[in-house]
Amino acid sequence: GAVVSQHPSWVICKSGTSVKIECRSLDFQATTMFWYRQFPKQSLMLMATSNEGSKATYEQGVEKDKFLINHASLTLSTLTVTSAHPEDSSFYICSARDPRTSGTVNEQFFGPGTRLTVL
Amino acid sequence: QKEVEQNSGPLSVPEGAIASLNCTYSDRGSQSFFWYRQYSGKSPELIMFIYSNGDKEDGRFTAQLNKASQYVSLLIRDSQPSDSATYLCAVGNNYGQNFVFGPGTRLSVLP
């Protein structure tokens, strides 16, 4: 299957600082990537859909000025958590669809996730 | 609001038994259905997808879809302790977009 990587795998930062998370598709070009957030013992919540060369589409309730998404190339999307606070501590996971998959069903492949802890 | 529901569990089955995981969804327009497995502290990994009514088998896993009842299930035969994880059901439209994940069912396979 397609391979998606994330960097860093974990990060600890002080309140008020900004953190950038990278998501890369390693063996395919992803025109669309997705960013999810998962709090402990909860399911994945879609934050935004990242489209290469255009603005991201944010889900209701997600602050676009706080969670900046840039999808500058077909293999890289970045999520920047600006002025992070302890309540932003979570597991952030990106995913991408592999356009090479056959048929009309394009399953999402997930990166390994980034655990953010804001002190 | 599209909703996907799963029994949160934990569902406990003995090793070698069949584990049955269920998922219901609210959007009748949903076309693609996915089962992911997530180990604690890890990201989800795709087990299989299904988009036609009926059964789809892949090794020890069988997905069952009933669009009329808006119900999709995952059967795991010969359950192993390594199958212990949270299983997430995800539902999307015709092109796998607009993914909505269920809350997940925690499965525990007892040796």
For residues [X] and [Y], report the shortest heavy-atom separation together with the two atoms involved.
X: A:P112; Y: B:S43; answer: CA-OG, 3.5 Å
X: A:F91; Y: B:Q38; answer: CE2-NE2, 4.3 Å
X: A:Q108; Y: B:Y36; answer: O-OH, 2.7 Å

### Message
Do B:T86 and A:S43 have side chains that approach each other closer than 4.5 Å (heavy atoms only, starting at C-beta)?
### Response
no

### Message
Is it the case that over 12 heavy atoms from other parts of the model lie below 6.0 angstrom from the NZ atom of B:K56?
### Response
yes

### Query
So with a 6.0 Å cut-off around NZ of A:K64, is the heavy-atom count from everything else above 12?
no

### Query
At a heavy-atom separation under 4.5 Å, does B:Q6 approach chain A through its side chain, its backbone, both, or neither?
neither

### Toward chain B, the part of A:I93 with a non-hydrogen atom under 4.5 Å
side chain

Test of understanding: clusters of I, L, V, M, F, W, Y form through side-chain heavy atoms closer than 4.5 Å, transitively. Do [X] and [Y] belong to the same one?
X: A:F110; Y: A:M33; answer: no
X: A:V4; Y: A:Y92; answer: no
X: A:L44; Y: A:L116; answer: no
X: B:M48; Y: B:I50; answer: yes

#### Entry: Options A:R115, A:Q38, A:M45, A:Q42, ranked by heavy-atom pairs under 4.5 Å with chain B, top entry
A:Q38

### Summary
Of the listed B:G102, B:P103, B:P44, B:G41, the one with the largest count of heavy-atom pairs under 4.5 Å with chain A is B:P44

